[in-house]
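Each chain gets a letter, A, B and so on, in the order its sequence line appears, and its residues count up from 1.
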2 protein chains.
Amino acid sequence: METAKIRRGRKFDQVLLGARSVFLRDGFEGASVDDIAREARVSKATLYSYFPDKRLLFMEVARSECRRQAEAALHLIDPGAPAAVVLRAAAEHIVAFMISDFGQRIFRICVAEADRFPALGAEFYQSGPMLAREKLGAYLRLAAARGELAITDFDLAADQFAELCRANIHAKLIFGITPTPTGAEIDRTITGAVETFLARYGTSRA
Amino acid sequence: METAKIRRGRKFDQVLLGARSVFLRDGFEGASVDDIAREARVSKATLYSYFPDKRLLFMEVARSECRRQAEAALHLIDPGAPAAVVLRAAAEHIVAFMISDFGQRIFRICVAEADRFPALGAEFYQSGPMLAREKLGAYLRLAAARGELAITDFDLAADQFAELCRANIHAKLIFGITPTPTGAEIDRTITGAVETFLARYGTSRA
DNA sequence: CGCAATGTAAACGCCCCGGTTCAGAAAGCG
DNA sequence: CGCTTTCTGAACCGGGGCGTTTACATTGCG
């Protein structure tokens, strides 16, 4: 089921690259195929010789972006480190992605098109929030076994932490209230998330 | 600055109603003016005699929806009640809006169009998340003065609570992973949010 | 070199959409 | 009733977008 119905050719990657940048800039409806072809320095005929239509091209871009993102977030947790350290590192990673231009754009597009492209929403969720929850959940289980944390519902705990990392930042950003938050604001959010999480789930021997 | 440049007429409300339903169903780009006119049982000429263009019609719909929402959420907090009670009530309200069909649609549209319509993002944020934060923050200050809570950063605390209410629900919903969550899932999230919040900010005399 | 595969440029057909126009119907009001 | 305001329906315009085609250039490989 990988890339059925998609012919490859010399300039395949060019097309994907160009499509990536235009879709991210303009969204699915907003992007025009002519724009993509121009951006990719490729003729429209070539583009259509690879992809049968705009939707499939879009899905292919989204898929590859989700994979990229998933792989990047894979080597981040040191299972032996204390919770306060791991949580802070995780929070920094989450926030960094969240406030990045790319993170915002992909989020916007996925939210907007999730109903027209059910597969897109699923792919993004699995390679983003869900993956994060699993990785963090695995660590939480270790730390709990160690007696460092006291958790019964690991899935909920991991999700709560991820949500706490968005406090005071994400909504303002996504609705265009403020530009990129300052380092101080970020630190305030991250510190607050870690403290609140540990207040709930930490044991004395942190 | 209310409704400048907008003529009224006999069927003004019809148009607004029809526009509301079509925009909510199809988004801004997806909605066609012909569709709206048909839905509103009004000729396109009439529609254009009220609103100079599609954008202004859209903004007017969004504005009125935001106002509606803001007013609905106004009479909810009993300042004298204990934190556990007030928090649970607030959480229930937040979750109810979040999982409602209307809440999801308006969220999707605002996220998608916030960069093309800066005013829309602002309006939604102010009459939604920001209003909630202010109302909840006001209560938190009271409860803290009473000694029931121990908070230094009230804005952050209020935001954290709102975010906690989304754990395990919002992402799955917005990306189309699950349909409406069950009552049990909702309760799990709400209970978890209240408990975590109180673990961090509650004093012994809760 | 010669030949097949691959890519190009531009035009074309088709459809949909936002917005305008106009002759005429309907509604409201004295 | 008669007059004005409001509404109608359908045609129309200009523009843009998706996807196709065609006649031609380039690449690459045996």
Side-chain angles (χ1 to χ4, degrees), chain A residues 3-63 108-109 112-113 115-117 119-120, chain B residues 3-63 108-109 112-113 115-117 119-120:
Chain A
T3 55
K5 293 166 186 142
I6 293 186
R7 200 183 67 91
R8 309 226 167 211
R10 255 187 295 139
K11 311 201 166 176
F12 188 84
D13 292 353
Q14 270 182 55
V15 172
L16 229 50
L17 255 297
R20 179 190 123 105
S21 91
V22 175
F23 278 135
L24 282 177
R25 169 157 45 83
D26 298 335
F28 175 73
E29 294 286 354
S32 92
V33 177
D34 294 73
D35 264 20
I36 292 174
R38 205 174 307 122
E39 177 80 21
R41 302 181 158 285
V42 147
S43 81
K44 222 176 13 155
T46 300
L47 188 158
Y48 274 104
S49 83
Y50 296 157
F51 299 93
D53 62 21
K54 188 186 175 187
R55 289 177 51 103
L56 279 208
L57 172 55
F58 178 67
M59 280 305 301
E60 195 57 31
V61 169
R63 228 195 310 269
R108 228 184 271 284
I109 291 179
E113 310 293 347
D115 48 352
R116 242 187 292 257
F117 294 86
L120 170 64
Chain B
T3 54
K5 294 168 187 142
I6 293 184
R7 199 183 68 91
R8 308 223 168 213
R10 253 188 298 141
K11 312 201 165 176
F12 187 85
D13 292 352
Q14 270 182 55
V15 173
L16 229 51
L17 256 297
R20 180 191 122 105
S21 91
V22 176
F23 278 135
L24 282 177
R25 167 158 47 83
D26 298 336
F28 176 72
E29 295 285 354
S32 91
V33 176
D34 294 73
D35 264 19
I36 292 174
R38 204 174 307 123
E39 177 80 19
R41 303 180 158 285
V42 148
S43 81
K44 223 175 14 156
T46 301
L47 189 157
Y48 274 105
S49 84
Y50 296 157
F51 299 92
D53 62 22
K54 188 186 176 188
R55 288 176 51 104
L56 279 208
L57 172 56
F58 178 66
M59 280 305 301
E60 194 58 30
V61 169
R63 228 196 310 269
R108 228 183 271 283
I109 291 179
E113 310 293 347
D115 48 353
R116 244 187 291 257
F117 294 87
L120 170 64

Can you list everything that forms a side chain to side chain donor-acceptor pair (under 3.5 Å) with B:Ser21? Sequence neighbours excluded, please.
B:Glu39
State which residues pass side chain to side chain contact (heavy atoms under 4.5 Å, CB included) with B:Arg41; sequence neighbours excluded, sorted by chain then number.
B:Gln14
Measure the distance from CG on A:Asp53 to P on D:dG19 and round it to the nearest whole Å.
5 Å
Over how many whole Å does the gap from B:Leu47 atom CG to C:dT20 atom P extend?
11 Å
Applied to residues 26-37 of chain A, the side-chain hydrogen bond (donor to acceptor under 3.5 Å, both in side chains) test, sequence neighbours excluded, yields A:Asp35-A:Arg38
By side chain to side chain contact (heavy atoms under 4.5 Å, CB included), which residues pair with A:Ala62, not counting sequence neighbours?
A:Leu120
Taking all non-hydrogen atoms of both residues, which atom of B:Ala31 and which atom of B:Val22 are closest, and how far apart?
CB-CG1, 3.7 Å
Correct closest heavy-atom pair for B:Val15 and B:Ala40 would be CA-CB, 3.9 Å
So salt bridge (Lys or Arg N to Asp or Glu O under 4.0 Å) across residues 11-20 of chain B, not counting sequence neighbours, yields B:Arg20-B:Glu65
Tabulate atom names and distances for all N/O pairs under 3.5 angstrom spanning the protein and nucleotides 8-15 of chain C.
from: C:dT8; atom 1: OP1; to: A:Lys11; atom 2: NZ; distance (Å): 2.9
from: C:dT8; atom 1: OP2; to: A:Ser43; atom 2: N; distance (Å): 3.0
from: C:dT8; atom 1: OP2; to: A:Thr46; atom 2: OG1; distance (Å): 2.8

Would you say A:Arg7 places a side-chain N or O within less than 4.0 Å of OP1 or OP2 belonging to C:dG7?
yes
For B:Arg55, side chain to side chain contact (heavy atoms under 4.5 Å, CB included) partners two or more places apart
B:Phe28, B:Asp53, B:Phe117
Specify the residues of residues 25-40 of chain A, ordered by number, for which at least one heavy atom lies under 4.0 angstrom from an atom of DNA chain D.
A:Ala31, A:Ser32, A:Val33
Rounding to a whole Å, what distance do you find between A:Phe58:CZ and D:dC18:C1'?
16 Å
List for me each residue that meets ring-ring contact (aromatic ring centres under 6.0 Å, His included) alongside A:Phe12, sequence neighbours excluded, and say none if there are none.
A:Tyr50, A:Phe51
Could I get the full list of side chain to side chain contact (heavy atoms under 4.5 Å, CB included) partners for B:Ala37, not counting sequence neighbours?
B:Lys44, B:Leu47
Base, sugar-phosphate or nothing for A:Phe12? Non-hydrogen atoms, less than 4.0 Å.
nothing
Could you check whether B:Tyr50 gets within reach of a base, just the sugar-phosphate, or nothing at all, counting any heavy atom under 4.0 Å?
sugar-phosphate
When the distance from CZ of B:Phe23 to P of C:dC17 is rounded to whole Å, what number comes out?
13 Å
Under-3.5 Å N/O pairs linking protein and nucleotides 25-30 of chain D:
none

State which residues pass side chain to side chain donor-acceptor pair (under 3.5 Å) with A:Arg108; sequence neighbours excluded, sorted by chain then number.
none
